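Single-structure report; data block below.
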Amino acid sequence: MEKLQSDLERERQYCELCGKMENLLKCGRCRNSFYCSKEHQKQHWKEHKLTCKEVDKTQPPKQKPEPEQPPGDAKAPDKCPKKNSPEQANATYATSPSPSPQSTHAEPQALGEQPAEEGSNNSATPNGQTILSPQNLATEYVIPCMNKHGICLVENFMGEEIGLSILDDVKALHNTGRFTDGQVVSQKSDSTKDIRGDKITWVDGNEPGCEKIRLLTTRMDDVVRHCNGKLGDYAIFGRTKAMVACYPGNGTCYVRHVDNPNGDGRCVTCIYYLNKDWNLQEHGGLLRIFPEGEARVADIEPKFDRLLFFWSDRRNPHEVQPAYATRYAITVWYFDADERARAKEKYLTGEKGVKVELGKPSDPS
């Protein structure tokens with residue numbers, strides 16, 4: 001079946017003036033901004049030259065002069081490079097251009113990414129972390145991508161050094177024996193393990209030895225905060241504790257399911273992966289999402305320092321395919337204020353015929 005990745009790649013580039021995403025030209029000076037025509041580049045120059053100038057400061061002195069006309073006026077900007085593969089197209093914008101018309105939804109925590117040129121390391125800090133601020137990640141990528149596809153993938157979210165520290169925290173936590181079998185909302189089998197085979201524990205980040213996990217969830221929260229009010233019709237007001245999960249690597253999986261089938265308030269699922277040198281062919285463990293109404297799927301490899309957002313409701317049924325190596329991930333769910341309030345009311349009043357599983361998600365208040 002056709003994959004969603006090609007659509008996700010196209011979402012990362014757009015004309016700075018009108019938001020058009022086809023037949024783009026690249027600014028020949030900063031090489032970070034795109035336009036659908038030289039005319040739109042000229043019209044946007046007054047605003048763009050501010051960020052273009054900042055980028056230019058990092059160039060050698062002979063490349064510094066600021067033209068009175070936009071670069072590319074005398075000659076067309078460089079053509080937009082050929083799209084990289086989904087695994088290569090995961091760098092973030094180096095500047096913070098104004099949102100395109102497609103990016104005008106709400107504001108929880110957000111992330112962003114755009115294809116990097118081959119051989120370029122401009123998308124990361126020396127630690128490997130994406131250089132975009134949480135606000136720019138939200139505005140430039142997460143908001144438009146989520147509103148169009150309901151799925152958003154971000155690479156290098158915390159950076160190599162911090163990511164490895166988070167992994168150390170998780171491994172130490174796993175060694176304490178605190179992990180228990182994952183549970184399901186409705187059990188249609190004699191054994192929960194027939195449905196899901198992961199081991200989990202819930203943390204808020206204040207526990208001893210969980211400092212780096214708390215650092216991760218704090219950055220997640222910063223991104224989502226800047227998305228709030230721009231993600232669909234949701235008003236995000238809090239989240240669950242962090243669910244730290246481990247698939248032991250003996251072919252364990254999680255059958256196709258929906259995170260929030262009963263209106264418990266969860267609207268956005270956010271998963272951070274911690275699997276260094278993951279090889280899909282050898283290790284398995286693929287997350288496959290089946291977007292509602294689509295004759296295609298989105299396949300997500302659980303690679304190290306990768307962050308994934310998707311809608312938590314019936315729009316995104318998904319499964320974890322059998323894993324043959326130890327597979328770690330940290331998941332949090334963000335709440336929509338209205339749905340969560342309705343779920344609590346139904347739970348407390350015991351409304352007849354309504355089954356709402358509030359489960360592990362913690363109240364943010």
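Along the sequence shown, the residues carry numbers beginning at 1. These numbers come from a predicted model, not from an experiment.
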Exercise. Ion pair present between Arg306 and Glu155, side-chain N to carboxylate O less than 4.0 angstrom?
Worked result: yes
Problem set entry | Pair Asp169 + Lys212, salt bridge at N-O below 4.0 Å | no
For this session: For Arg214, enumerate each residue passing the salt bridge (Lys or Arg N to Asp or Glu O under 4.0 Å) test, keeping only those at least two apart in sequence or located in another chain.
Result: none
Problem set entry | Under the salt bridge (Lys or Arg N to Asp or Glu O under 4.0 Å) test, residues paired with Lys171 that sit two or more places apart | none
Problem set entry | Residues forming a ring pair (Phe, Tyr, Trp, His ring centres under 6.0 Å) with Phe310, sequence neighbours excluded | His318
For this session: Identify, with sequence neighbours excluded, every residue that meets ring pair (Phe, Tyr, Trp, His ring centres under 6.0 Å) alongside His174.
Result: Phe179, Tyr328
For this session: Take Arg327 and Leu287 through the test side-chain contact (heavy atoms from CB on, under 4.5 Å) and record every step on the way to the result.
Result: CA-CA 11 Å; Arg327 179 188 188 275; Leu287 175 72; 4.2 Å; yes
Side chain of [X], backbone of [Y]: donor and acceptor closer than 3.5 Å?
X      : Y      : value
Asn147 : Gly232 : yes
Trp278 : Gly284 : yes
Glu207 : Asp204 : yes
Thr139 : Asn136 : no
Asn275 : Pro302 : yes
Asn316 : Trp311 : yes

Quick one, [X] and [Y] - any side-chain contact, counting heavy atoms below 4.5 Å?
X      : Y      : result
Lys199 : Asp181 : yes
Asp338 : Tyr234 : no
Thr326 : Tyr247 : no
Cys152 : Leu308 : no

Can you list everything that forms a side-chain contact (heavy atoms from CB on, under 4.5 Å) with [X]? Sequence neighbours excluded, please.
X      : answer
Glu39  : Ser37, Lys42, Gln43
Val258 : Pro261, Arg314, Pro317
Asn250 : Pro248, Thr252

Which heavy atom of [X] sits nearest a heavy atom of [Y], and at what distance?
X      : Y      : result
Arg296 : Glu294 : NE-OE1, 3.0 Å
Cys210 : Leu173 : SG-CD1, 4.3 Å
Gly263 : Ala343 : O-CB, 3.4 Å

Exercise. Does anything in residues 269-278 pair up under salt bridge (Lys or Arg N to Asp or Glu O under 4.0 Å), and if so which pairs, sequence neighbours excluded?
Worked result: Glu160-Lys276
Same cluster (ILVMFWY, side-chain, under 4.5 Å), [X] and [Y]:
X      : Y      : answer
Ile271 : Val255 : yes
Val320 : Leu286 : no
Tyr324 : Leu274 : no

All side-chain hydrogen bond (donor to acceptor under 3.5 Å, both in side chains) counterparts of [X], not counting sequence neighbours:
X      : value
Tyr272 : Asp305
Thr269 : Asp259, Ser312, Trp333
Asn260 : Asp264, Glu339
Gln321 : Glu319

Measure the spacing between [atom1] of [X] and [atom2] of [Y] and express it to the nearest 0.5 Å.
X      : Y      : atom1 : atom2 : result
Ile289 : Arg315 : CD1   : CZ    : 12.5 Å
Lys303 : Tyr273 : NZ    : OH    : 13.0 Å
Ile166 : Leu215 : CD1   : CG    : 6.5 Å
Thr217 : Ile330 : OG1   : CD1   : 8.5 Å

For this session: Check whether NZ of the Lys or CZ of the Arg Arg256 lies under 6.0 Å from the centre of the six-membered ring of Phe290 and within 45 degrees of that ring's axis.
Result: yes
